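Contents: one structure, followed by commentary.
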2 protein chains.
Amino acid sequence: MAEIFMIGDLARLTGTKIPTIRYYEEINVMPRTERAANNRRIYTKKHLERLTFIRHCRDLGFSLNEVRALLGFADHPAQSCAKVDNIARNHLQDVEQKIAALSILKSELDRMINQCEGGTIAKCRIIEVLADHSLCKDHGNNL
Amino acid sequence: MAEIFMIGDLARLTGTKIPTIRYYEEINVMPRTERAANNRRIYTKKHLERLTFIRHCRDLGFSLNEVRALLGFADHPAQSCAKVDNIARNHLQDVEQKIAALSILKSELDRMINQCEGGTIAKCRIIEVLADHSLCKDHGNNL
DNA sequence: CCTTGCTCCTATAGTTACTTTAGCATGTAT
DNA sequence: ATACATGCTAAAGTAACTATAGGAGCAAGG
């Protein structure tokens with residue numbers, strides 16, 4: 001087999017733009033590869049898998065630094081799982097907060113659209129909702 | 001009353017860094033304010049509300065351009081609803097998409113975390129899950 | 001044989017939404 | 001009087017790309 005891929009193949013197969021792949025190489029998230037006689041990058045299935053991993057992490061909202069950490073864990077499987085778990089848990093909390101806030105916003109938007117029938121937006125609740133800091137994290141505000 | 005705030009007060013009350021507030025002024029998302037004799041910015045409750053609004057929008061994942069649009073609603077409350085109904089609907093769609101994406105993300109994170117039960121990374125399913133491209137969007141991969 | 005078109009290359013600049021740093025002025029407390 | 005906190009401006013740095021400029025290699029069509 002020893003299937004090989006050009007950069008365009010990887011781009012297509014992972015839904016990544018070509019300059020992004022080159023960028024990942026530059027910042028050492030993807031390794032430097034062998035080059036063909038014409039100087040083009042040559043990739044293997046290993047590279048395809050690594051890029052898939054990276055993109056999946058990015059889609060899930062992990063930062064490239066977190067991805068670097070996760071890639072490091074993957075390379076040293078004897079380590080404790082706790083760190084990986086921690087990254088994931090922190091991230092989950094963040095996501096849950098955002099879902100909760102967006103759900104409230106959605107119902108307000110729904111209501112606003114239904115209420116706004118020929119009037120002015122002076123009575124629209126959206127501005128109020130978005131300005132309502134009871135939905136926000138507490139910043140120690142004790143006015 | 002006529003409560004006034006210095007930039008540091010606004011920062012504390014909204015959880016925004018001071019340079020960020022000045023940045024918002026520079027890009028005209030926050031207005032230029034009056035200055036005290038010593039050249040310091042003077043804010044009122046109006047400004048506090050506007051900044052709270054902006055930060056809430058940002059927390060919810062709206063871009064600054066979208067925030068500008070939403071502020072447009074707030075700044076012209078006498079406008080006809082018909083003129084902005086479309087924008088509102090787009091925002092709703094946007095919010096619905098974000099909720100959907102985040103919900104998928106949440107269930108994946110849940111699953112990842114539940115499959116990790118201490119021990120070493122060798123058995124940690126988080127890494128496996130992240131590498132599993134069957135969970136990814138299809139990019140037309142027909143290998 | 002030459003041109004068109006596709007994919008690739010490097011290098012550089014632009015984007016968004018901030019954050020950090022440098023250097024200095026002013027206001028408050030001891 | 002002297003720390004120390006708070007504010008000012010201007011400029012550079014950060015993350016994670018995205019876009020643009022300019023050029024090379026190679027296959028197929030006229």
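In what follows, chains are A, B, ... by sequence order, proteins preceding strands, each numbered from 1. It should be emphasised that the depicted structure is a prediction, and the values quoted were computed from it without experimental measurement.
The stretch residues 29-36 of chain B has no heavy atom under 4.0 Å from DNA chain C, so no residue of it qualifies as close. At a non-hydrogen distance threshold of 4.0 Å, B/N39, B/R40, B/R41 from residues 37-47 of chain B come into contact with DNA chain D.
At the phosphate of C/dC18, OP1 or OP2 sits under 4.0 Å from a side-chain N or O atom of B/R55. A sub-4.0 Å separation between OP1 or OP2 of D/dA19 and a side-chain N or O of A/K17 is present.
Residue-level contact check: B/I7 touches the backbone only, with heavy atoms under 4.0 Å from sugar-phosphate atoms and none from bases. Here B/R58 lies in heavy-atom contact (under 4.0 Å) with sugar-phosphate atoms only. Across all strands shown, A/I18 has heavy atoms under 4.0 Å from sugar-phosphate atoms exclusively, and none from any base.
Smallest separation of non-hydrogen atoms from A/V67 and A/R58: CG2-CD, 4.2 Å. Contact between B/T14 and B/T52 at its shortest, heavy atoms only, is CG2-OG1, 3.8 Å.
Atom pair A/I21:CD1 and D/dC17:C1' shows a separation of 13 Å (rounding to whole Å applied). Distance CD1 (A/I27) to P (D/dT14): 13 Å, rounded to an integer number of Å. Distance B/F62 CZ to C/dT16 P: 18 Å, rounded to the nearest Å. Between the CZ atom of A/R12 and the P atom of C/dC8 there is a distance of 7 Å, given to the nearest Å. Rounded to an integer number of Å, the gap from A/L64 CG to D/dC17 C1' is 9 Å. Atom CD of A/E25 and atom P of D/dA16 are 18 Å apart (whole Å).
For A/Y23, the side-chain atoms get nearest to D/dA16 when compared with the rest of D/dA16, C/dT10, C/dA17. Nearest to the side-chain atoms of B/T20 among the listed nucleotides D/dT18, C/dC8, C/dC18 stands C/dC18.
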Side chain to side chain contact (heavy atoms under 4.5 Å, CB included) evaluation trace for A/T44 with A/R50: CA-CA 10 Å; A/T44 67; A/R50 192 182 178 94; over 6 Å; no
Yes or no on salt bridge (charged side-chain N to carboxylate O under 4.0 Å, His left out) for A/E49 and A/K45, after CA distance, side-chain angles and deciding distance? CA-CA 6 Å; A/E49 279 161 10; A/K45 210 189 161 205; 3.8 Å; yes
Does the salt bridge (charged side-chain N to carboxylate O under 4.0 Å, His left out) test come out yes or no for A/R55 and A/D59, once each step is laid out? CA-CA 6 Å; A/R55 294 306 286 181; A/D59 280 347; 5.3 Å; no
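Using a 4.5 Å cut-off on side-chain heavy atoms (C-beta onward), B/R22 and B/I18 make contact.
Under a cut-off of 6.0 angstrom, the local environment of CD in B/E26 is sparse, with at most 12 non-hydrogen atoms contributed by other residues, nucleotides or ligands.
Of the two residues near DNA chain C, B/Y24 and A/G8, the one whose nearest nucleotide lies more 5' is A/G8. Comparing B/N65 and A/R22 against DNA chain C, the residue whose closest nucleotide sits nearer the 5' end is A/R22.
Rounding to the nearest 0.5 Å places CD of A/E34 at 8.5 Å from NE2 of A/H47. Distance CG/B/L70 to CG/B/N65: 11.0 Å, rounded to 0.5 Å.
Counting only residues at least two apart or on different chains, no ring pair (Phe, Tyr, Trp, His ring centres under 6.0 Å) pair has a member in residues 7-39 of chain A.
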